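These notes are about the structure you will find just below.
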Amino acid sequence: MILKLPDGRRLEVNETWRSAKTLGEALQVLDPKLAKKVIGARRNGEYVDLYFRLPSEDGQLELLALEDEGAQWLYRHSMAHVMAQAVKRLFPEAKLAIGPPIEEGFYYDFDVPEPFKPEDLEKIAQEMQKVVKENHSFERMEVSRQEAMKMIKEMKEPYKLEILNELEEGEQISFYKDGEFVDLCRGPHVPSSGLVKYFQLLEIAGAYWRGDEKNKMLQRIYGTAFAKKEDLEVFLKRREEAARRDHRRLGRELELFSMEEEVGPGLIFWHPKGMTVRRELEKFEVEEHLKRGYQYVATPHLGKAKLWEISGHLSYYRENMFRVEVEGQEYFVKPMNCPFHIMMYKSKTRSYRDLPLKLAEYGTVYRNERSGVLHGLLRVRMITQDDAHIFCAPDQAQGMVAEVVDLAFHILGTLGFKDYEISLSVRDPENLSKYGGTDEDWQKAEAALEAVLKAKGLPYKRMEGEAQFYGPKIDVHVKDAIGRLWQLTTVQLDFVLPERFDCKYAADDGREHRPYIIHRALFGALERFFGILIEHYAGAFPVWLAPVQVAILPIADRHLDYAQSVQEKLKAAGIRSELSYSKHKTLSYRVRDAQLQKIPYMLVMGDKEVESSSVAVRLRTGEDLGPQKPEAFIEELARKVAERR
RNA sequence: GCCGGCGUAGCUCAGUGGUAGAGCAACGGUUUUGUAAACCGUGGGUCGUGGGUUCGAGUCCCUCCGCCGGCUCCA
């Protein structure tokens with residue numbers, strides 16, 4: 001057995017290993033000083049604690065100190081127990097459900113007669129402090145199923161009983177005990193409750209037992225914990241930073257968009273400034289799509305029920321569709337554009353010479369999302385997609401997918417998204433029958449998608465069972481300026497809709513063939529993408545996107561004429577500017593205002609500038625670029641805009 | 001949809017049963033301003049909606065609407 005020590009050393013152990021029962025004991029014999037530092041270990045990516053039973057076969061065990069990467073999975077789990085312990089002390093009637101560590105912290109679900117109140121968090125946190133101070137050791141108890149049953153019945157924990165009953169035969173059943181608190185738990189845990197002192201309770205939320213809305217709603221408390229005080233502070237700072245960037249706040253402050261209670265939830269008003277950003281994004285996309293042979297179309301917002309029956313939407317998407325009645329006939333508002341693009345494809349006989357046919361549309365679709373999931377621009381009912389459907393021969397699919405992926409990287413890269421995570425969603429090998437299309441279609445298509453990613457040398461995650469029922473897909477996730485991942489681009493192959501709508505083309509063999517359809521969107525929904533973009537840039541858009549690119553700031557009213565002449569020049573060069581002047585407002589006031597509006601450039605002009613026909617340039621960063629000739633400034637700025645910087 | 005919290009002026013918020021407030025914004029005036037907030041004044045509200053309790057409701061109760069946090073990263 002090879003031990004990788006926290007300090008990076010590697011240690012080969014044999015004798016100690018054989019004679020000891022658990023990792024903790026082995027370390028005691030091996031090196032008591034080391035044993036004090038180690039709180040657990042990682043083995044083949046799985047976390048274990050000091051109770052870990054030493055395996056007879058050789059292998060590698062990576063010992064973890066409290067500060068080590070990965071140790072948080074242990075101490076956060078323990079902190080969840082500490083929290084449950086505190087809750088049990090304060091609310092003895094609370095029933096325990098589950099309490100795992102999660103990506104950014106931990107939670108524990110409780111069944112309590114009264115939901116927790118915000119004030120309760122404070123009390124619970126104080127009680128947790130006590131548990132931490134008491135410094136109980138976490139003791140693991142391994143028991144038989146019968147003993148476990150007896151213990152849980154005595155503890156009167158119905159949810160634990162349910163969990164126990166579902167544990168598979170032969171699995172080792174264990175409890176962990178710290179002080180008076182005992183919990184059915186597989187571990188792993190840190191040695192004692194006093195090791196981690198820096199924690200914070202974050203939210204109370206309702207959560208269904210096992211996430212199923214048919215089950216009872218439990219009360220969940222979220223929290224997080226860190227080994228070092230600084231790390232907790234950094235974490236809390238980052239949450240503040242995310243709040244500072246909140247697109248809902250910035251959207252109002254910068255007059256980008258709004259939602260109106262009188263109109264309805266999830267319906268977006270793009271205000272002039274927001275629409276300016278959107279128009280620039282669209283302009284960029286349209287340019288790039290035309291270069292690649294896409295053709296833009298526009299299609300209706302409604303269609304008869306029959307159409308959605310053929311497409312299959314009525315059988316699997318009906319609850320998300322808005323129904324309208326027209327002259328006694330049933331219509332549905334479109335939740336997707338595909339059937340319409342297919343109708344356009346079918347409007348005449350297609351030949352292989354027409355393929356690939358790339359139909360693109362900024363189509364606004366409507367989806368009846370459940371009210372509880374709506375969230376600012378990120379989850380809405382009005383969805384403007386940068387959508388396109390590519391009709392192609394099966395053997396063209398691979399080339400098309402490669403082109404879409406390249407296009408996505410080009411466009412997203414220009415917007416400052418440089419880190420990508422890619423997933424390839426394929427069939428569930430266990431359950432092949434639930435998918436449409438032929439087995440051959442699937443095998444070829446999955447191979448084609450994989451080949452695209454391999455040829456580009458892109459790392460990707462293969463997600464079995466995540467494919468749509470009509471075909472496999474590639475999704476691109478991007479990392480924003482503060483490291484959050486967002487799923488944007490999607491490229492989906494479809495062999496089912498061509499069949500349902502009986503799409504055909506005449507091939508060069510003189511026979512009719514069935515095309516593939518590729519559904520693809522780069523930004524996805526413009527509304528959602530805009531929300532992401534606002535947060536990504538914290539509202540400070542690069543100059544080519546900025547709704548107002550230049551603020552013109554004359555100092556006194558005698559400089560107004562000159563200011564207007566400068567604005568004319570900017571306008572002639574296609575630059576968006578605002579002349580900010582009011583006889584009541586000082587220059588400082590207007591500078592601050594422009595700054596808060598995150599306008600990239602401010603041009604100040606007073607006597608000096610009028611005299612020398614120049615403008616004093618200030619950036620929104622506060623940097624002073626000094627006086628420049630308006631023409632030189634405009635030329636430089638126009639170049640930046642043209643380069644989309 | 002479900003659980004909890006919230007809803008007072010355009011915005012941010014005070015106001016716990018007894019005459020609806022502040023700051024900012026808007027508007028009017030004084031000031032003619034040199035790089036993140038000059039000064040004085042004025043208007044602005046069915047306290048989200050509808051109902052109820054009460055002599056009296058922004059405040060207490062119910063209904064609806066909307067917003068916010070969440071709703072398996074499984075002992």
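Letters go in sequence order (proteins before strands), and every chain restarts at 1. As the structure is a prediction and not an experimental result, all values here were calculated from the model.
Using a distance-only test at 3.5 Å, with no hydrogens or angles considered, no donor-acceptor pair links the side chain of N44(A) to the main chain of E46(A). Using modelled atom types, one side-chain atom of R576(A) and one backbone atom of P547(A) make a donor-acceptor pair closer than 3.5 Å.
Counting any heavy atom pair closer than 4.0 Å across all strands shown, I98(A) reaches sugar-phosphate atoms only and no base atom. Looking at heavy-atom distances under 4.0 Å, L167(A) makes contact with a base. Counting any heavy atom pair closer than 4.0 Å across all strands shown, K117(A) reaches no nucleic acid atom.
Between H584(A) and U32(B) there is no side-chain N or O to OP1 or OP2 distance below 4.0 Å. Residue Y222(A) places at least one side-chain N or O under 4.0 Å from the OP1 or OP2 atom of C71(B). R590(A) has no side-chain polar atom (N or O) that falls below the 4.0 Å cut-off from OP1 or OP2 of A36(B).
Counting only N and O atoms by type, the side chains of D111(A) and Y159(A) include a donor and acceptor under 3.5 Å apart.
With rounding to whole Å, R210(A) atom CZ is found 20 Å from G70(B) atom C1'. Taking atom OH of residue Y589(A) and atom C1' of nucleotide A36(B), one finds them 11 Å apart after rounding to whole Å. Protein atom CZ of R379(A) is 14 Å distant from nucleotide atom P of C67(B), rounded to whole Å.
Aromatic ring pairs are classed by plane angle as parallel below 30°, tilted from 30° to 60° and perpendicular above 60°; the pair Y176(A) and H81(A) is perpendicular.
You'll find that the side chain of R252(A) is closest to U12(B), out of C71(B), U12(B), G66(B).
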